[in-house]
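See below for the structure under consideration.
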Amino acid sequence: MISGIPKSHTPRRWMLAALLAACASAPAMAADVDAGWILRQLAQPAPSQTGFVELRGSALLKEPLRVEGQYRRPDAGTLVREVRAPYAETTTIADGRVSIARAGKPPRVFSLQRVPELSDLQASFGALLSGDLAALEQAYRLQASGTAQRWQLVLTPKAQALAARVRAVTLRGRDGELRCIETQPARGELQRTLLGSAAGAASGVRQADALAALCHDGAGAAPAPAGSRR
């Protein structure tokens with residue numbers, strides 16, 4: 001637990017979504033897509049920022065917890081996740097460390113080296129931002145589908161340490177915009193993160209089905225990773 005928040009809210013569970021959210025968008029030009037085309041759309045120099053909305057389920061909660069805020073990438077080596085509601089918390093990933101700060105409390109700081117799979121994610125972050133398809137393919141099996149107007153990219157971890165935590169991550173987008181990230185953990189419920197215009201459209205949404213509909217709006221038609229729950 002971190003300040004009363006379930007373990008599923010710690011960086012280990014959302015960090016890949018955060019890294020992907022830091023990748024921005026560009027105008028779409030292609031009629032259909034492959035993994036290389038999608039990576040080119042996601043790559044953008046810092047600074048960048050995007051809003052996000054998530055619904056987090058827990059056996060301890062009567063209804064899903066709606067979490068909203070902003071991801072920021074102030075420079076090439078720093079990623080900030082700022083939660084604005086229903087609580088205030090700022091997580092900063094920089095210089096091989098993670099810092100979690102809440103008002104009135106000293107920040108918690110730990111090294112990425114303590115958790116090998118987070119180091120793998122940090123390396124993937126660099127590959128995504130640079131559009132380095134070869135480097136990303138070393139860590140994940142990639143499956144792209146759709147067109148420039150409606151596309152998706154499924155990332156399946158190859159490394160055993162990361163695969164033990166994350167079964168698959170699906171990026172869903174429209175044109176050059178990444179609108180939704182679906183993370184299927186090895187155990188537990190599918191996690192959805194809406195970004196950009198999709199997050200804006202989710203204002204006030206608290207039902208998982210409604211959030212899923214916004215996530216899938218404009219997405220590719222390929223099937224979800226095995227074991228995911230829609």
Side-chain angles (χ1 to χ4, degrees), residues 1-24 48-74 78-94 98-105 107-110 115 117-118 121 125 165-173 177-217 219 224 228-230:
M1 302 282 284
I2 296 176
S3 305
I5 303 301
K7 289 183 179 180
S8 61
H9 296 265
T10 61
R12 180 176 291 173
R13 294 294 293 273
W14 59 255
M15 184 174 173
L16 181 56
L19 300 182
L20 295 168
C23 303
S48 62
Q49 62 184 37
T50 186
F52 74 87
V53 171
E54 298 171 353
L55 287 185
R56 296 295 188 90
S58 169
L60 302 176
L61 303 174
K62 293 182 179 180
E63 61 180 21
L65 179 69
R66 178 190 167 96
V67 179
E68 56 185 286
Q70 186 178 72
Y71 287 120
R72 300 195 308 273
R73 185 169 164 254
T78 303
L79 177 65
V80 178
R81 181 184 191 256
E82 181 183 0
V83 176
R84 297 176 177 174
Y87 55 91
E89 179 180 270
T90 300
T91 301
T92 303
I93 303 170
V98 178
S99 173
I100 304 173
R102 303 191 80 177
K105 298 183 179 181
R108 292 184 64 243
V109 180
F110 62 90
V115 189
E117 63 266 28
L118 293 190
L121 293 178
F125 180 36
R165 300 279 182 183
V166 179
R167 182 175 300 169
V169 177
T170 301
L171 315 185
R172 299 181 182 273
E177 181 188 25
L178 174 60
R179 291 171 51 85
C180 181
I181 302 168
E182 292 182 318
T183 304
Q184 178 62 61
R187 298 182 180 86
E189 297 291 326
L190 181 73
Q191 173 191 317
R192 290 187 177 92
T193 302
L194 297 186
L195 304 166
S197 62
S203 177
V205 173
R206 292 189 177 276
Q207 295 75 35
D209 290 348
L211 190 69
L214 286 170
C215 177
H216 291 196
D217 177 33
S228 65
R229 302 175 68 175
R230 298 290 184 195

> Between Gly196 and Thr50, what is the shortest heavy-atom contact and its length?
Replying inline: N-OG1, 3.2 Å
>> Does Thr91 form a side chain to side chain contact (heavy atoms under 4.5 Å, CB included) with Tyr71? I'd like the steps, not just the answer.
In response: CA-CA 10 Å; Thr91 301; Tyr71 287 120; over 6 Å; no
>> Looking at every heavy atom in both Pro185 and Leu190, which two are closest together, and how far apart are they?
In response: CD-CA, 4.4 Å
>> Once rounded to the nearest 0.5 Å, what's the spacing between atom CZ of Arg167 and atom OG1 of Thr183?
In response: 12.5 Å
>> Return the CG to CD distance between Leu194 and Glu68, rounded to the nearest 0.5 Å.
In response: 11.0 Å
> Measuring from Leu195:CG to Gln70:CD, what's the distance to the nearest 0.5 Å?
Replying inline: 11.5 Å
>> Please report the interatomic distance CD(Glu189) to CD(Gln184), rounded to the nearest 0.5 Å.
In response: 8.0 Å
>> If I compare all heavy atoms of Arg179 with all of Ser197, which pair ends up nearest, and what's the gap?
In response: NH1-OG, 2.8 Å
> Distance from Arg102 atom CZ to Arg108 atom CZ, nearest 0.5 Å?
Replying inline: 11.5 Å
>> Does Leu214 form a side chain to side chain contact (heavy atoms under 4.5 Å, CB included) with Val205? I'd like the steps, not just the answer.
In response: CA-CA 10 Å; Leu214 286 170; Val205 173; 4.2 Å; yes
> When rounded to the nearest 0.5 angstrom, what distance separates CD1 in Ile181 from CZ in Arg172?
Replying inline: 12.0 Å
>> So which atom in Ala199 and which in Gly51 form the shortest heavy-atom distance, rounded to 0.1 Å?
In response: CB-O, 3.9 Å
> Will you find, in the side chains of Thr193 and Glu54, an N or O donor that is under 3.5 Å from an N or O acceptor?
Replying inline: yes
>> Test side chain to side chain contact (heavy atoms under 4.5 Å, CB included) on Arg192 and His216; report intermediate values, then the result.
In response: CA-CA 10 Å; Arg192 290 187 177 92; His216 291 196; 4.0 Å; yes
> Which atoms form the tightest heavy-atom contact between Leu65 and Pro86, and what is the distance?
Replying inline: CD1-CG, 3.5 Å
